[in-house]
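Notes to accompany the following structure.
This one's a predicted model, so the numbers in the text were calculated from it and none came from an experiment. Residue numbering restarts at 1 for every chain, and letters A, B, ... go by the order of the sequence lines.
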2 protein chains.
Amino acid sequence: MGRVREFDEEKVLDAAMQLFWEKGYEATSLSDLTSRMGIQRPSIYSAFGDKKELFETALRKYTSSRASETRTRLQTHQSVREAFRAFFENVVDEEYSDSPSRGCFCINTMVELAPHDEKFEILTREHQMYLAVIFQETIERGIQSGELASDTNAKALSQALIVSLIGLTVMLKSRPDRSFVNNSIEVTLTLLR
Amino acid sequence: MGRVREFDEEKVLDAAMQLFWEKGYEATSLSDLTSRMGIQRPSIYSAFGDKKELFETALRKYTSSRASETRTRLQTHQSVREAFRAFFENVVDEEYSDSPSRGCFCINTMVELAPHDEKFEILTREHQMYLAVIFQETIERGIQSGELASDTNAKALSQALIVSLIGLTVMLKSRPDRSFVNNSIEVTLTLLR
DNA sequence: GTTTTAACATACCGATCGGTACACAAAAAA
DNA sequence: TTTTTTGTGTACCGATCGGTATGTTAAAAC
């Protein structure tokens with residue numbers, strides 16, 4: 001053993017995640033990273049590899065925490081309809097209070113990197129698929145409880161809701177009127193019958 | 001008057017549009033632009049200003065042609081339901097045949113630039129609002145003809161469809177199964193009742 | 001034909017990019 | 001205490017970035 005690390009690997013990774021989330025891959029420079037992470041370049045490279053590897057590690061950290069947060073949020077409501085309403089409205093509130101609006105790190109990456117890098121095409125697709133499964137389980141719970149019609153196609157419905165969630169998240173980046181956003185959520189939630 | 005331009009301004013602007021559409025703002029370099037547009041740097045600067053101005057001009061060209069194309073597509077079907085189905089399915093087909101999938105230039109810009117540049121926040125928002133109006137007019141046509149229920153909230157519904165369209169376009173960048181995409185479209189179109 | 005005007009191509013600018021060589025500092029191993 | 005190992009900070013690498021100065025060429029104006 002030699003000298004011990006002076007920085008907390010989780011903390012500096014989190015700082016990198018915040019930065020990539022906010023600015024994307026290309027627009028984030030190594031200088032941005034060193035100042036935000038509070039460590040020097042060689043420390044980044046020895047701990048996380050090059051810029052792309054660091055980005056991937058940060059994104060994986062994001063998706064895994066985002067997935068478990070999503071599961072938790074949807075479980076904290078008895079009513080499935082209320083659960084989805086609260087979930088969507090929370091997305092809106094966060095986006096309006098964030099300035100600049102960061103949106104979803106995974107969605108940002110789908111747009112910026114997925115079309116040109118198969119690794120991120122797969123990573124982002126699998127995250128969305130995973131979220132769809134969480135949605136589906138929630139819908140199935142609603143069917144079980146009798147809140148939703150028994151002939152509901154849980155899988156197809158969950159996929160449509162994921163698509164709407166993505167669209168909502170992206171749309172919010174242009175800061176549309178609240179009424180636009182509220183209308184779309186209201187209409188979309190009528191799918192839960 | 002001095003020497004006349006040797007290049008077609010519309011053609012080279014179109015080339016720039018294709019490139020920005022495919023790679024985004026940051027990832028497109030001036031060298032990429034000169035080689036794709038077939039003209040030298042000073043010609044770009046004299047004809048279109050700096051990189052950001054050229055990008056904005058290219059995006060405006062895109063949104064205006066995209067809007068009129070959308071209106072045309074929705075008008076070519078008697079049935080409003082069929083019009084929207086064909087419209088959504090066309091988006092899917094184009095995305096799957098494009099490699100890499102370019103998605104929508106305006107949506108790409110919403111994600112990359114809108115959060116950090118008010119000019120593009122406004123420009124992209126207004127394009128989406130304009131598309132929403134086109135959707136709304138189409139829905140109102142369906143109400144008039146009796147195809148859609150008379151108590152349909154055309155505005156709210158059009159906004160929800162825009163959100164789904166954005167979500168679909170973004171989701172396609174991760175190349176999900178056709179079944180995922182078909183399911184979401186099928187469910188979303190049940191909103192047209 | 002001469003002058004004037006503007007587009008052309010080349011070659012270059014300083015700044016910044018991602019990435020690393022190297023010397024020094026610190027802590028474990030001997 | 002000495003040796004070995006590994007992290008840290010500095011200073012630098014070549015490449016590329018967006019943008020421009022400059023000299024040349026071509027066409028309109030006279």
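A:Phe20 has its CZ atom 11 Å from the C1' atom of C:dG18, to the nearest Å. Summarising the geometry, the separation between CE on A:Met37 and P on D:dG9 is reported as 13 Å, rounded to the nearest angstrom. As rounded to whole Å, 13 Å separates atom C1' of D:dT20 from atom CD1 of B:Ile44. Distance A:Glu6 CD to D:dG9 C1': 10 Å, rounded to the nearest Å. Taking atom CZ on B:Arg5 and atom P on C:dA9, their separation rounds to 13 Å, with Å as the unit. Between the C1' atom of D:dT6 and the OH atom of A:Tyr45 lies a distance of 20 Å, rounded to the nearest Å. Per the geometry, CG belonging to B:Leu30 stands 14 Å off C1' belonging to C:dC12, to the nearest Å. If you take CZ of A:Phe48 and C1' of C:dG18, they are 17 Å apart, rounded to a whole angstrom.
Considering only side-chain atoms of B:Ser43, the nucleotide from D:dG9, D:dA21, C:dC8 that sits closest is C:dC8.
Side-chain atoms of A:Ser101 and A:Glu95 form a donor-acceptor pair, as typed in the model, at a separation below 3.5 Å. Side-chain polar atoms of A:Arg141 and A:Gln75 form no donor-acceptor pair below 3.5 angstrom.
Residues B:Arg41 and B:Arg3 each lie close to DNA chain C; by heavy-atom proximity, the contact nearer the 5' end of the strand is made by B:Arg3. Each of B:Ser29 and B:Val4 was assigned the nucleotide of DNA chain D with the nearest heavy atom; the assignment lying further toward the 5' end belongs to B:Ser29.
Taking 4.0 angstrom as the limit, A:Ser31 places none of its side-chain polar atoms (N or O) nearer than this to OP1 or OP2 of C:dT16.
Residue-level contact check: A:Thr34 touches neither bases nor backbone, having no heavy atom under 4.0 Å from any strand.
A perpendicular orientation is assigned to the rings of A:Phe120 and A:Phe55, their planes being inclined by more than 60° (bins at 30° and 60°). The aromatic rings of B:Phe105 and B:Tyr62 sit perpendicular, their planes meeting at an angle over 60°, well past the 30° parallel limit.
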